[in-house]
Q: 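Pasting a structure here, questions to come.
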Amino acid sequence: MTEALRDKAAIVGIGTSRFGRHLPESQLALAAAAFKAALDDAGLERGDIDSLSIHIGWPLGVDYDQVAQAFGLEIGFVNQAWTHGRFVTGSLQTAAMAVACGMAEVVACVNVLSFTRERDILGGPHDFEGYRETGGTHAETPHYGLTAPAGGAALAMQRYMALYGTTSAELAAVPVALRAHARLNPKAVMQEPMSIADHQASRMVVDPLRLFDCCIVSDGAAVVLVTSAERARDLRQRPVYVAGMQGMKAGRDEFIFAPPGLGINQQSGVRAARPAARDLAVYGWADIPREAIQGLYTYDAFSPLVLFVLERFGFCAPGEAAAWVQDGCIGPGGALPVNTSGGLLSEAHVAGWNSLCEMVRQLRGEAGPRQIADARALQWATAWGDSVILRK
Amino acid sequence: MSGYEKPTPRINPDNARFWESAHEGVLRLPRCKACRAWHWPPGPVCPDCFSDRIGWEEASGHGTVSTWTVVHKDWFPAFKADIPYAVAQIELAEGVCVTANIVDCPADELRVGLPVEVVFDRVTDTLTLPRFRPRRG
Ligand SMILES: [Zn+2]
């Protein structure tokens, strides 16, 4: 069944606003800049957009009805999910499925986050998600002072360190590699060099996560336009095809910021030696084996998430990721470059859509000094188990 | 609630018994009457056998730290004076994991596997928070 959708949808346009901190523009204004850039990139008109897929709603971002009204669109299909990075993949997947089945013609995935303006939403008194009766969405427990998403990543990394003997200095390899990528990207917010010593000197935020293990808090927008492969062939850019997909996982053995079985929340505490078949379905759908993946792109809000996604998708075995990422393995020119535009840790926090735009640039051969040689197949994948493989 | 600035849990029909019990100084957890499995968080059905017959039973109050963190940042103004403070997930003897503060424990003694026991902290006239401290002896 799944193979029936292989290469049936394509990304045909990408656009971003400027990225920065304390930008004066409203969320809608940032979104408009990215939207216009994406239309121009694709060679499409505003009237060609008939569908919206959004997951960063008001107040951090924008809701579908605001976008349609403000931009004068006539929309006939909408997907809007939680205001969470966890729905990046689902938002893109829904767009791809909608165009592949004929429900939509051209879907605009509109993503904007103004973190600096809406700062008290993140772990502060206005972060209401932690109050959920069955527990916060990242294991927040506000009545005990665990109020921010970073707390959930810290709980997972602390246990990982206890199980495998991983150190903070080893974890540092992740943000250090991403900073090296960012320094090849003039658009990245963070341009200062970062060494392991710099990471070790950065202040402890929520033990064991230091400041440099946490993504930057920034403002910016990214728009990705998705249409059918058939229509894509007539447009301005060489299409980037959605080769394969697999969905988000949930259940008692899952926690958003840990691989299955790590023992966080109600997870079993028993990790499988290798990923389950359903954790690797994306490679079969795409007919592209993991060994052919030339770059990995992931939701790196906190540096442990990079270790967890590598293990989740079997790039290395459980407990081995921290050793695996040493010595530039995921940095520029490494064996598996990760988030080559700098990711959430160093480019900007556009929920990962900045990294999806980078995948498209790489597959078009437009990534300049950070170009992966002859990039043909790149993977978006997250620590919570969903994925999209893009190919040229 | 006057004077208590920190967030309080939202109490609903599924979890009310937990908070009522804690206010009486008892750690009571949901346990399935059909398959006898303990579970957490509280819910309307047993996640093991899907039975609706959920009972509440007194737990031992003993467990071990399954993971922990120390918070150094004042995301939330009401916690600023407490920084740094410890929050842990505790694997209870009954097999479920709960989240709470670890108290009466020097930071360098926090570790995965640390044996702990429940203590009850009456924070308002209507709310008591279970916390955990190292189990001595
Ligand atoms: Zn049961």
Q: Testing the basics here: between B/R10 and B/N15, what is the closest heavy-atom pair and its distance to 0.1 Å?
A: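 Heavy atoms only, the tightest pair is O-ND2, 3.1 Å.
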Q: Where on B/V70 is there a heavy atom nearer than 4.5 Å to chain A: the side chain, the backbone, both, or neither?
A: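 Answer is both: backbone and side chain atoms of B/V70 are under 4.5 Å from chain A.
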Q: Using a cut-off of under 4.5 Å for heavy-atom pairs, which of A/T141, A/V205, A/L209, A/T134 has the most such pairs with chain B?
A: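 Among A/T141, A/V205, A/L209, A/T134, the one with the most close pairs to chain B is A/V205.
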Q: For the rings on B/W19 and A/H143, is their centre-to-centre separation under 6.0 Å?
A: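 Judged by ring-centre distance (under 6.0 Å), B/W19 and A/H143 do meet the cut-off.
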Q: What do you reckon, is CZ of A/R274 surrounded by more than 12 foreign heavy atoms closer than 6.0 Å?
A: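 No, the 6.0 Å shell around CZ holds no more than 12 heavy atoms from other groups.
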Q: Indicate, with yes or no, if the rings of B/W68 and B/F132 have centres closer together than 6.0 Å.
A: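 No, they do not, as the ring centres are separated by 6.0 Å or more.
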Q: With a sphere of 6.0 Å drawn around CH2 of A/W58, does it hold more than 12 non-hydrogen atoms of other residues, nucleotides or ligands?
A: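 Check fails, neighbour count at 12 or below.
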Q: B/F76, B/W40, B/Y85: which one forms the most heavy-atom pairs within less than 4.5 Å of chain A?
A: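 Of the options given, most contacts go to B/F76.
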Q: Which one, B/D14, B/V87, B/D74, B/V65, leads in non-hydrogen pairs under 4.5 Å with chain A?
A: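 If we count pairs closer than 4.5 Å to chain A, B/V87 comes out on top.
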Q: Against chain B, label A/T147 side chain, backbone, both or neither, depending on which of its atoms sit under 4.5 Å from a heavy atom there.
A: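 Contact with chain B: side chain only.
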Q: Might you point out which heavy atoms bring A/R86 and A/M248 nearest each other, and give the distance in Å?
A: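 Distance-wise, the nearest heavy atoms are O-CE, 3.0 Å.
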Q: Chain A: which of B/V96, B/V112, B/T99, B/V71 shares the most heavy-atom pairs with it under 4.5 Å?
A: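 Winner by heavy-atom pair count: B/T99.
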Q: Side chain from CB out, backbone as N, CA, C, O: work out which of these in B/D121 comes under 4.5 Å of a heavy atom of chain A, or both, or neither.
A: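 Neither; nothing under 4.5 Å.
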Q: I'd like to know which of A/P125, A/G151, A/A162 tops the heavy-atom pair count under 4.5 Å against chain B.
A: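 Highest number of heavy-atom pairs under 4.5 Å: A/P125.
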Q: Is there a donor-acceptor contact under 3.5 Å linking the side chains of A/Y164 and A/E170?
A: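 There is no such pair (donor and acceptor under 3.5 Å, judged by atom type) between the side chains of A/Y164 and A/E170.
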Q: Against chain A, label B/P47 side chain, backbone, both or neither, depending on which of its atoms sit under 4.5 Å from a heavy atom there.
A: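 Both backbone and side chain.
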Q: If you count heavy atoms of other groups shown closer than 6.0 angstrom to CZ of A/R119, is the number above 12?
A: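 Check fails, neighbour count at 12 or below.
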Q: Sort B/P13 into side chain, backbone, both or neither according to what part of it lies under 4.5 angstrom from a heavy atom of chain A.
A: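 Nothing of B/P13, per the 4.5 Å heavy-atom cut-off to chain A.
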Q: Counting only non-hydrogen atoms closer than 4.5 Å, does A/I264 touch chain B with its backbone (N, CA, C, O), its side chain (CB onward), both, or neither?
A: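 Contact with chain B is through both the backbone and side chain of A/I264.
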